[in-house]
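To start, the structure itself, in structure tokens.
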Amino acid sequence: MAAKKIKEGVYWVGAVDWDRVLFDELVSLPEGTSYNAYLIKGSKKTALIDTVEPHKREEFFRNLEELGVERIDYVVSNHAEQDHSGTIPDVLERFPDAKVVTNKKCKTMLIDLLHLPEEVFQVIDEGEELPLGDKTLQFFMAPWVHWPETMFTWLKEDRILFTCDFLGSHIATSELFDTTDENRAKVYLETKRYYAEIMMPFRNFIKKHLALIDRLQPEIIAPSHGVVIKDVEFMTGAYKRWVSDEVKPMVIIPFVSMHESTRHMVDYLTSELSKEGVIVRPYNLITADIGNVAMDLVDAAAVVIASPTVLAGAHPSVISFAYLMNGLRPKTKFLSVIGSYGWNGKVMVKHVQDTLKNVKAEWLEPVLVKGLPKEEDYEKLSQFAKELAAKVKEVSTL
Ligand code: FEO
């Protein structure tokens, strides 16, 4: 992908990874991704903000060559993760006078991860400015979006905020901005997916960072993945809803079924909840894209985990999902478990509950069925659906 001009003297010089399918060996990338690096040419100094995943270094250097870059004075590192920092050693090899500008914590991590020598660093503090001539960079610490060392870089004169992963989206596209009708819906969806899978555990930190953005009033937000954001209010507004305590009248039912008994329960519960007027999303964990489930975890009022009992506990795929959900710590208000068992169902419930101990929600009485559900079991599920729907509707404000 060719270099692109954002404003006079400000360029996107990153790389697009069109067919990458997985990030961190965990997060699916249905739309590929990009690694956004930015070049800022001041009247006296030139700065680079972040770099790219090392396997994309040739594309990145081609962009710098296209722009005729002969000197880089500063490489700003907003975040030490290698998809943004991994090409810093190559930049220093080509531009040996460049200084790596970052905060103290990020410096330590860059030394650990890339074995950079001490003398290449210029360490900055909260609010410190770095003049480039007619342009000025300013740095704001933004811990936990999503590592402890993350920071934002503010280009004062152009009112552009470089937020690294924060407000980013995993999208491979030839379009620079979020402004076309073609990509607007995709940007919203993929930004939500990014929030769901990466940022959700840090909701309370994010509230502070959104307040900083409100104070700075940027014209443009330039994250390190996906498109550059011009509709700042739309995107920060979406983030504000996601990080709020508000939930939707939605129940999600992540399930596994081995011999259809648990599936019968899920199908019936789905139908009963739907009759009660709440949104229901059953997800078969064997085939579902976990990113889609995570997106619904962002604002669902309730989660009902459905599992058979196997190997003296819940199905391993259910536990794998529950482990992830426990780490994501969604704002879900109610949790419960349903499932079929052969001789002891309580061990399955305990297994799920123990795995989800970081999710602070009210647990509702589980519905367990021995073997294939019978008439009285469906009645129990109907009653369960009524009670759950009433609770969900009472707390939902979105
Ligand atoms: Fe895109 Fe946390 O790296």
Side-chain angles (χ1 to χ4, degrees), residues 1 12-38 48-57 59-60 75-91 100-103 105-114 116 139-153 161-173 176 178 187 189-203 205-206 209 221-229 235 239 242-243 291 294 324 327-329:
M1 190 54 54
W12 178 94
V13 291
V16 179
D17 212 342
W18 296 95
D19 56 355
R20 184 162 181 179
V21 294
L22 208 54
F23 201 89
D24 290 345
E25 304 302 332
L26 175 67
V27 172
S28 66
L29 307 176
E31 299 292 338
T33 192
S34 69
Y35 317 106
N36 300 341
Y38 300 95
L48 183 67
I49 299 187
D50 294 318
T51 66
V52 300
E53 187 81 83
H55 73 269
K56 283 284 177 181
R57 59 165 74 79
E59 190 174 324
F60 162 74
V75 188
V76 175
S77 180
N78 279 333
H79 173 31
E81 195 165 6
Q82 294 92 326
D83 52 327
H84 311 296
S85 70
T87 303
I88 291 177
D90 305 79
V91 172
V100 178
V101 177
T102 194
N103 61 74
K105 200 169 273 180
C106 190
K107 172 189 164 183
T108 306
M109 293 178 85
L110 289 172
I111 290 172
D112 289 340
L113 295 172
L114 303 173
L116 295 181
F139 306 99
F140 296 98
M141 300 308 121
W144 296 111
V145 283
H146 58 123
W147 281 10
E149 88 305 3
T150 44
M151 65 180 202
F152 298 160
T153 299
L161 187 65
F162 299 90
T163 54
C164 204
D165 285 336
F166 186 54
L167 300 170
S169 54
H170 283 306
I171 299 179
T173 175
L176 179 62
D178 59 339
V187 171
L189 195 70
E190 293 309 317
T191 306
K192 188 173 188 182
R193 187 190 302 274
Y194 197 95
Y195 168 77
E197 294 184 307
I198 306 285
M199 299 291 175
M200 188 154 52
F202 309 112
R203 282 200 301 135
F205 287 95
I206 290 173
H209 304 331
I221 288 180
S224 60
H225 296 287
V227 294
V228 174
I229 299 162
M235 201 46 78
Y239 249 81
W242 300 335
V243 301
L324 179 67
L328 294 177
R329 297 198 292 278

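Residues take their numbers from the sequence shown, with the count starting at 1. Whatever order the structure lists ligands and atoms in, that order sets their numbers, starting from 1. As the structure is a computational prediction, the values presented were derived from the model and not from experiment.
Comment: K56 does not engage E53 in a salt bridge, judged by the lack of any side-chain N to carboxylate O separation of less than 4.0 angstrom. With respect to K107 and E149, no salt bridge is recorded, no charged nitrogen being found less than 4.0 Å from a carboxylate O.
Here the angle centred on atom 1 (Fe) of ligand 1, running from OD2 of D83 over to OD1 of D165, is 160°, rounded to 10°.
For the residue pair H84 and N36, no side-chain donor N or O sits within less than 3.5 Å of a side-chain acceptor on the partner. Defined by atom type and a distance below 3.5 Å, a donor-acceptor pair is missing between the side-chain atoms of Y38 and D50.
Residue S77 is tested with V101, L48, T102 for a side-chain contact (heavy atoms from CB on, under 4.5 Å); the sole match is T102.
In summary, C164 places no N/O/S atom under 2.8 Å from atom 2 (Fe) of ligand 1, failing the contact criterion. Among the backbone and side-chain atoms of E81, an N, O or S atom lies under 2.8 Å from atom 2 (Fe) of ligand 1.
H225 contributes atom NE2 as its closest N/O/S atom to atom 1 (Fe) of ligand 1. The N, O or S atom of H79 with the smallest distance to atom 2 (Fe) of ligand 1 is NE2.
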